[in-house]
Number of protein chains: 2
Amino acid sequence: MTEGPTITTIAQRAGVSIASVSRVLNGLPTREDTVRRVMRAADELGYVPNSVARSLRNRRTDQVAFAMADIGNPVYVAMVREIQPVLKEAGYRLLIHSTDGDAEDELGVLRGLRERYVDGLIISPLRGVTEEHVRAIVAARAPVVVIGALPEGMPEGAPVDNVRTDSRTGVRLALDHLHAIGRRRIGFLNGPLDTVPGAARAAAYREALEALGLPYDEDLVEVGDFYRDSGARAARALLSRAPGLDALMCANDLIALGALDVLREHGRDVPGDVAVVGMDDTDLASVTWPTLTSVSLGSAERGRAAATLLLDRLQNGPREPRVTVVRPSLTVRGSTAVPGPPGAAGDGR
Amino acid sequence: MTEGPTITTIAQRAGVSIASVSRVLNGLPTREDTVRRVMRAADELGYVPNSVARSLRNRRTDQVAFAMADIGNPVYVAMVREIQPVLKEAGYRLLIHSTDGDAEDELGVLRGLRERYVDGLIISPLRGVTEEHVRAIVAARAPVVVIGALPEGMPEGAPVDNVRTDSRTGVRLALDHLHAIGRRRIGFLNGPLDTVPGAARAAAYREALEALGLPYDEDLVEVGDFYRDSGARAARALLSRAPGLDALMCANDLIALGALDVLREHGRDVPGDVAVVGMDDTDLASVTWPTLTSVSLGSAERGRAAATLLLDRLQNGPREPRVTVVRPSLTVRGSTAVPGPPGAAGDGR
DNA sequence: TTGTACGCGTTATCAT
DNA sequence: ATGATAACGCGTACAA
């Protein structure tokens, strides 16, 4: 089992020095004859440059990593889908880290940057950016783009850009819509409060209610995880506690799926009896029945923006941190399609 | 902006040679005192080994790549989801390549192995493994696991393992089921015939019909792409050509989604008028309405098997090629739930 | 036990 | 234009 050819092999075969080989291979000005001999030898040997050696020398890996909680979540899939082509186009390979939303794991990824196995990182920390995160980012000396909230006091010249959405407005869009179609008892199925989205959406829900002049009722709120089965559990709990609710605001689409399951199993008509709104506007929203009205937080746009920002730093060097905010929008579908008040449609199905 | 510390930096600070530093860092027997001084210096400097240099020296990158057509496809997401933890556990990082199913792109990935930027590769070639693929694999000298069909005559000692499913049996399961619930005019919405799954499913469809004593009718077959909108187009075409069909076999779940859209828009009851079966049994299948009966081809299992096989080669060196076959199974859901013959339920909805 | 010296495969500098 | 040579950071035979 012979080892692969190196520039040394080529040099011997072509009867020139390795320096010449390197020059030819990198297209530097070289005598015609030398070029031919080197190319020929390289060809015959099937030479391919060793990317590791090149990385060591060039101090760059041409690799970028994306770290998120769970690649099974359609939101992150949407991001990866946008990130990948942008990076690929620029000649970067993409590494994937699933952290399960574990803060320790996230920190591990950030600290790992010091190993220099990637040139940059896009990370979406589920539980927020702590002091330690910040320290790791600064220590990394590699550009990082954070998708999500970034704390106020970032140190001077930290190589961080930030892409965020405005879930506050997102929730507001949803509640305004529900209010406009006549719903007044709007339940809320949220994710964990110690996650960034969970906390933000909780606050936004209260705010939006207030703005609409609706009372905040603890009994209308249930907290679970950002998954379908958890959403179902939460919906069941909520329905038994507050059977009179006429709408459900869900903190993401997966939770909304669970809610739809439960409503169907309880024979409650959607949207006749209960209107449902999801969040993230994933591919799933257009698949359910009824199709799911959902607040888009621009996952794809955020992914693309993050990749673009990172690329800019990678290619053009340090600069002041930038923040890109992606505006949410509401996509109205079947689950809120009936403007009439509850009770208009028959119950059961 | 100082550069990061290296073993040389540590050696100076600790007043020892770089060899000692390396030894301590790698846990080789060293005098107590030396250990302390080195550790202390490393600590103070916040030393982290450079993974690139280490890779060059050790001739291994601790990276593995997974190449598939489209990370947007739930099938591949399911695979990644299984592959990731297996590799992570073993200390490998995961690289993702989306090839768009382009054969040139796939070949590029395979050839890229010679750059030695990964230690191994899992690839799922959409259009099959050609002569050129095989050559690239052999030339790569890095272990490769192919998810999907592998040609018969692989060269001796090629470092390839293979994970496949049996879509023939899968289709058979579906048609048997449809036949059992009384369907006789079973349409088929397939993907491109020049893809491996497309070709296999086309053949399997004919075979299964024959085994059931049903005639093969060209008019009942429509070919498109493996996407939802394409599935919808195909379904429309098929319905206008063969309005009398009482079941639809779809070559994957996305196509089935499109078919469900069209059936609903045509006011055909599912499964009353037309029963529908999908393939891949993705997360989507349990979300649609009615929920989608689907043939599981064990995406998760295939992913896990592939990762395990690759890992074995990575850790235990060369061995004879192995093949793992994952058996398909049928998950019956709402879209075929009504055993009665067509016409039993009212039309419209 | 410790240090010296070399190699991993490239690129880039500096003489020639 | 070309060749010898020095890095890049790490690991390890070998000698001391």
Side-chain angles (χ1 to χ4, degrees), chain A residues 1-39 41-42 45-63 112-119 141-142, chain B residues 1-39 41-42 45-63 112-119 141-142:
Chain A
M1 167 113 41
T2 63
E3 286 302 317
T6 72
I7 53 171
T8 307
T9 327
I10 298 180
Q12 287 166 350
R13 179 144 188 157
V16 299
S17 74
I18 62 166
S20 288
V21 175
S22 177
R23 274 190 289 262
V24 171
L25 262 28
N26 292 322
L28 298 180
T30 315
R31 180 153 37 108
E32 186 58 30
D33 176 52
T34 311
V35 172
R36 261 202 308 278
R37 289 162 64 187
V38 169
M39 291 307 265
L45 292 167
Y47 169 80
V48 173
N50 181 312
S51 65
V52 177
R54 182 176 271 171
S55 289
L56 179 59
R57 169 69 218 202
N58 294 343
R59 296 158 158 278
R60 50 179 295 176
T61 60
D62 294 321
Q63 295 187 156
L113 287 178
R114 305 195 60 187
E115 295 173 24
R116 316 209 79 100
Y117 68 96
V118 286
D119 299 336
R141 297 183 190 294
Chain B
M1 164 116 38
T2 63
E3 284 303 317
T6 72
I7 52 171
T8 307
T9 327
I10 298 180
Q12 287 165 352
R13 179 146 189 156
V16 298
S17 74
I18 61 167
S20 287
V21 175
S22 177
R23 273 190 288 264
V24 171
L25 262 28
N26 292 321
L28 297 181
T30 315
R31 180 155 36 113
E32 186 59 30
D33 176 53
T34 312
V35 173
R36 262 202 308 277
R37 290 162 63 188
V38 169
M39 292 307 265
L45 292 168
Y47 170 79
V48 173
N50 181 312
S51 65
V52 177
R54 182 176 269 174
S55 289
L56 180 59
R57 166 73 215 201
N58 295 342
R59 296 158 157 279
R60 51 177 295 175
T61 60
D62 295 320
Q63 295 186 157
L113 288 179
R114 307 196 59 189
E115 296 173 25
R116 317 209 77 103
Y117 68 97
V118 285
D119 299 337
R141 294 182 191 295

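By convention in this document, chain letters (A, B, ...) are assigned in the order of the sequence lines, proteins followed by strands, and residues within each chain are numbered from 1.
Using a 4.0 Å heavy-atom distance criterion, B/T34 is classed as a sugar-phosphate-only contact. When heavy atoms are screened at a 4.0 angstrom cut-off, A/V16 is found touching the sugar-phosphate backbone but no base atom.
Atom CZ in A/R36 sits roughly 15 Å away from atom C1' in D/dA1 (whole-Å rounding). Atom pair A/R31:CZ and D/dG3:C1' shows a separation of 12 Å (rounding to whole Å applied). Distance CG (B/L56) to P (D/dG9): 12 Å, rounded to an integer number of Å. The interatomic distance linking B/R37 (CZ) with C/dT2 (C1') rounds to 12 Å, in whole Å. Taking atom CZ of A/R114 as the reference point, atom P of D/dG9 lies 14 Å away to the nearest angstrom.
Distance CG/B/D119 to CG/B/L113: 10.5 Å, rounded to 0.5 Å. Interatomic distance, OG of B/S20 versus CD1 of B/I10, reported as 12.0 Å (0.5 Å rounding).
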Protein proximity profile, nucleotides 11-16 of chain C - base contact B, sugar-phosphate-only contact S, no contact -, cut-off 4.0 Å on heavy atoms: BB----

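Between B/Y47 and B/L25, some side-chain heavy-atom pair lies under the 4.5 Å cut-off. B/T9 places a side-chain heavy atom less than 4.5 Å from the side chain of B/T6.
Each of B/R59 and B/S20 has a nearest nucleotide on DNA chain C; the 5'-most of these lies closest to B/S20.
Counting only residues at least two apart or in different chains, salt bridge (charged side-chain N to carboxylate O under 4.0 Å, His left out) contacts with residues 13-30 of chain B comprise B/R13-B/E44.
Looking only at distances, a side-chain donor or acceptor of B/R114 sits under 3.5 Å from a matching main-chain atom of A/G46.
Residue A/S17 places at least one side-chain N or O closer than 4.0 Å to OP1 or OP2 of D/dG3.
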